[in-house]
Structure formats: structure tokens, C-alpha cells
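Proteins come first, then strands; the chains are lettered A, B, ... in the order of their sequence lines, and each starts at number 1. Note that this is a predicted model, so its numbers are computed, not measured. Scope of the values below: all heavy atoms of this structure, side chains included, with no hydrogens, waters or symmetry mates.
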Protein chains: 2
Amino acid sequence: MARNADQNQRMRDESRRKILSSSLKLFATKGLGATKITDIVEESGISQGLLYHYFRSKEEIFVELIRHALQGMNAAARALEKLPLTPTEKIARAITELLRAMSENDDFARYFLLVAQANFSEAIPEEARAIIKEESDEPHEVMARIMRSGQQDGSIKKHRAEDLALVFWVLMKGFALHKAARGAEFTLPDTRILIDFFKNGEK
Amino acid sequence: MARNADQNQRMRDESRRKILSSSLKLFATKGLGATKITDIVEESGISQGLLYHYFRSKEEIFVELIRHALQGMNAAARALEKLPLTPTEKIARAITELLRAMSENDDFARYFLLVAQANFSEAIPEEARAIIKEESDEPHEVMARIMRSGQQDGSIKKHRAEDLALVFWVLMKGFALHKAARGAEFTLPDTRILIDFFKNGEK
DNA sequence: GTCTATATCCAGATAGAC
DNA sequence: GTCTATCTGGATATAGAC
């Protein structure tokens, strides 16, 4: 009895997982509006009926993906802030880890792109918009705090910390776009170019 | 007779212009797939029949917008390269002009965003893909040449010129996304932050 | 839990009148 | 040159069988 319930749970999880990962891939590359339910069904190899057994609509899948992406990003940002590193080291870590994840981990790149699109698109579900409004400030704030503490110890350039954090995230979003456009031929630039950008040049 | 022909021409131009500008706005904010013909018709205040009198399909409108955007960007890049300025001045000019245009000129920002999306989306017409393949390398190449000549006179940092050009355009794309996400509350960072990025710090 | 078959609706595109 | 009315196809979502 318990074993059957376990197996069922695993089957349910597996089906949901397949739907979500196929949707992520399609939403990131084609956009929510251009992705058809039949595309998702085809990509994940399940039937249309089963998809609707797990999700009420395409939009609900989208919302779940957005929620997962933002919560993961926020958790990562908080974890970074707590690491026992200097501000400069934290920034270097963030840059190298984000770019590495983007180029090596397809799902990570897709999540990043999904959020970037959702941030500007007017064609997303209301609930997704609410989650974004609620959850998308933290990475920027964390980075601004790191920049500020780096300025206090003299290791980071003396510009408005908010501007530096903005440039940081603008760079990351830009790279996400670029990687999506180039796919396999995406080559990372020397990350030291980017790290030096934020470092104070005064010796 | 000639007057009537003239008037007709003007009416045609005006209708086409309205269709294109409405489509640009919608494609940039919602994406091609999520934009319905009825949206375009509503936004531009013309009838659906008239739209199909001027364009065969939604895709044809999209292709025309992409072509116009890329040709304009390439012309601007070539013009920049020919200006009687030092490499550093050209880079400074490019950054300030692009960011200014992005924040002040709605259509410019929309074109930029449209191209950025088209560059990674897999849900665009084949013809648009061909135009992008054909026309989208020039800005990068121009910027790489400017970076290289700046390195020769010692004013630009000594990294691979291609990497610097890549970072330049990644920044611009990132700002286009950011502006689209924030809309009216988009505030430019101090552009000197960005310009200094490329300058050689050695004195 | 999963599938096939089907109903409903709406977007894209056309025809023809003015 | 512009509009209204209409056709057609395909996409979303549901029903019901296994």
C-alpha cells in the first residue's frame, strides 16, 4: 500500500518535472505567447490530457517557473552575501559563477532568460507580474550593499553603489541575451575584464 | 490628376506608417507571437481588411521592421566610425548617444528591443532570421575596430578588442532590457562609469 | 495516472461592397 | 483606399475510456 503510494508520487513528480522542463526550454527560446500547448506536449512526450491533469493552463506553468526562478536567485544572492569573503571577492565570485552557470547549465541560462523576458513583456499573466514585483528587487539590493561595503574599505570604485549594482545586473542580463542568441558559439570573455570594471584603480 | 495621385500616395504612406509604428510598439512589448492582428488593428485605428491590403501577414510586418532597424543601426555604426574623433571620443559618443536615444526616443528603444528579442527567439520568420544573419555583424565589427585603434594609441585597455566590443554591446542590450522593464522610472547611470570602463588606466 | 477523441473558441486571412 | 462580413484553421481546454 505504502509502496504503491510512493510509486504514484514518483510518477506524478516525474510527469510534472517533464512538463516544467519542456516548458522552460520552449518559453525561454520562443516566448510564452508563441509557445503552443502542443509544443510542450510534443517536447515532453506526454499527452495533452495529462498536461491538463497537472496544470490548469499554459499560464499556470509559466507562473510556477517564474516563482521557482526568482526564489532560487534570491536564495543565491543571500547566500553570496553571507559568505566569508571580501566585497571584491564576492563580486568576482558572482561574475564568474553566473557566467559559468549560464554557459554550462542550460536550464540555468533558460531560467535567467525567462525572467529577463518576463521583466519587460506586457504579455504575461497577472500573477507572474505580481511575483516579479514582489521578488525581483533582492538581487539588486544585495549587490548594492556589497558594492557599498567595498567602497568603505576602498576596494570598489567611488560611484553611486546603486549605479554599480545596476551595471552589474545589466551586464548579466546582456550576457544572458547574448548567450541565447549565439547558443553553442557563445564564448565567455575573460572575466577579469568585468571584475576590473568595478575595482578601484587608485593604488 | 497629379494632385489626386499625390494625395493617394500620402494616404497610403500614412496608413502604412500607422501599421508599422503600432506593430513596433506591440512586438517590442509583447513579442511577435503574443501580438494579435486585432491588437495591431486596434492600436492603429484602422480596419483589419486595410491591414491586409498593405501587408500579407503579421510576419511580413515583422520582417520590414527588423530590416529597417538593422539597416539604421548599420548606417549609424558606419557614420560613427567615419567621424573625425579619437577612438575614446567615438566610444564615449556611442555610449551617450545610444543611452540617450534609448531613454528619450520611444521608437528607438523599441527597435533596439525588437532586434534583441529577434536575435534569440526561435519563433521568428525565416526571412527575418536571414536578414539578421546578414546584417547584424557590422556594429560589432565597427566597435572592435574602434577598440583596436584605441589600443594602438594607448587610450583603450589591453584586452582582446573583440571581447571589449562584445562587452560594449552586451551592456547596450542589457540597458535596452532594463529600460523596457522599468519604463518611465528608467534612470540613466552616470555614463562616465561606462566610458571609464574601456579607458586605459595607465597614466 | 494516462491516453484518445471531441467541443469550443478565437486568431488569421479573404471577399466583396462602398 | 477603406470598411464590414465571413470563412477556415488551429489552439485551448474538456470528457470519458482504459
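Under the 30°/60° scheme for interplanar angles, the aromatic rings of A:Phe175 and A:His178 are found to stand perpendicular. Relative ring orientation between A:Phe112 and A:Trp169 is described as parallel, the plane-to-plane angle staying below 30° on a 0-90° scale split at 30° and 60°.
In terms of heavy-atom proximity, B:Ser57 sits nearest to B:Tyr52 at CA-CE2, 4.2 Å.
Computed from coordinates, the A:Asp6 CG to C:dG1 P distance equals 13 Å when rounded to whole Å. Between the CG atom of B:Asp39 and the P atom of C:dA13 there is a distance of 14 Å, rounded to whole Å.
Residue A:Glu14 is tested with A:Arg12, A:Arg10, A:Arg17 for a salt bridge (charged side-chain N to carboxylate O under 4.0 Å, His left out); the sole match is A:Arg17.
Between A:Glu141 and A:Arg78 there is no salt bridge, since none of the side-chain N atoms of the basic residue sits less than 4.0 Å from a carboxylate O of the acidic one. Salt bridge B:Arg93/B:Glu97: absent, no basic N to carboxylate O contact under 4.0 Å. Taking 4.0 Å as the cut-off between side-chain N and carboxylate O, A:Asp13 and A:Arg16 do not count as a salt-bridged pair.
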Trace of the salt bridge (charged side-chain N to carboxylate O under 4.0 Å, His left out) decision for B:Asp39 with B:Lys30: CA-CA 11 Å; B:Asp39 294 334; B:Lys30 306 171 63 150; 3.4 Å; yes
Pairs under 3.5 Å (Watson-Crick or G-U), crossing ones as [ ], inter-strand ones as |: DNA chain D comes out as ||||||.|||||||||||
Base-contact (B) and sugar-phosphate-only (S) positions in nucleotides 2-18 of chain D, heavy-atom cut-off under 4.0 Å, - elsewhere: BBB------SBBB----
